[in-house]
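Encoded as structure tokens, the structure appears first; notes follow it.
Quick caveat: nothing in here was measured; it's all calculated off a predicted structure.
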Amino acid sequence: MEPYVYISPEAEYYTILCHRLLFGFSSFFNAVATLCLFQQAPEMQTEIKVYLYYMQVLVFLSDFILDVAVEPFNLMPLFGGYCKGFIHQALVNGRFKFGKRERCSH
């Protein structure tokens, strides 16, 4: 067995595409659920409506963070993975290389 795990650029591309499609479907159904909550919630749910709105916002934010901002890649035979999202690109790439912290110029 080789001492490293290689994921081809095509596999990364299709994984990112799947993450983005999942985010699109989830956002669509989240919007439909929120619209139904606004328009068709029964009167007995007025006390918990704020919590239901809060849950819809949290679901959208968690989907956005996992599917778009971070884009995690699981390395299944191993217990680990790496990230490819724009948060990783913006925050981590410039400051850490090969596990050692580099000096920041700002």
When rounded to the nearest 0.5 angstrom, what is the spacing between [atom1] in [X] and [atom2] in [Y]?
X: Glu43; Y: Lys49; atom1: CD; atom2: NZ; answer: 7.0 Å
X: Gln56; Y: Asn30; atom1: CD; atom2: CG; answer: 4.5 Å
X: Phe29; Y: Cys36; atom1: CZ; atom2: SG; answer: 11.5 Å
X: Ile48; Y: Tyr53; atom1: CD1; atom2: OH; answer: 11.0 Å

Is the side chain of [X] donor-acceptor paired with the backbone N or O of [Y] at a distance under 3.5 Å, no angle test?
X: Asp63; Y: Ser27; answer: no
X: Ser26; Y: Leu22; answer: no
X: Ser62; Y: Val59; answer: yes

Test side-chain contact (heavy atoms from CB on, under 4.5 Å) on His19 and Val68; report intermediate values, then the result.
CA-CA 7 Å; His19 279 282; Val68 177; over 6 Å; no
With a cut-off of 6.0 Å (strictly less than), are more than 12 heavy atoms of other residues, nucleotides or ligands near CZ of Phe25?
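Count not over threshold, so no.
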With a 4.5 Å limit on heavy-atom distance, are the side chains of Asp67 and Arg20 in contact?
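Side chain of Asp67 against side chain of Arg20, heavy atoms only: no contact under 4.5 Å found.
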Do Leu21 and Tyr13 sit in one hydrophobic cluster, given that two such residues count as connected whenever their side-chain heavy atoms are within less than 4.5 Å of each other, even indirectly?
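Yes; tracing contacts between hydrophobic side chains, which count when under 4.5 Å, links both residues.
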Applying side-chain contact (heavy atoms from CB on, under 4.5 Å) to Phe28 and Phe23, what does each step give before you reach the verdict?
CA-CA 8 Å; Phe28 172 74; Phe23 175 68; over 6 Å; no
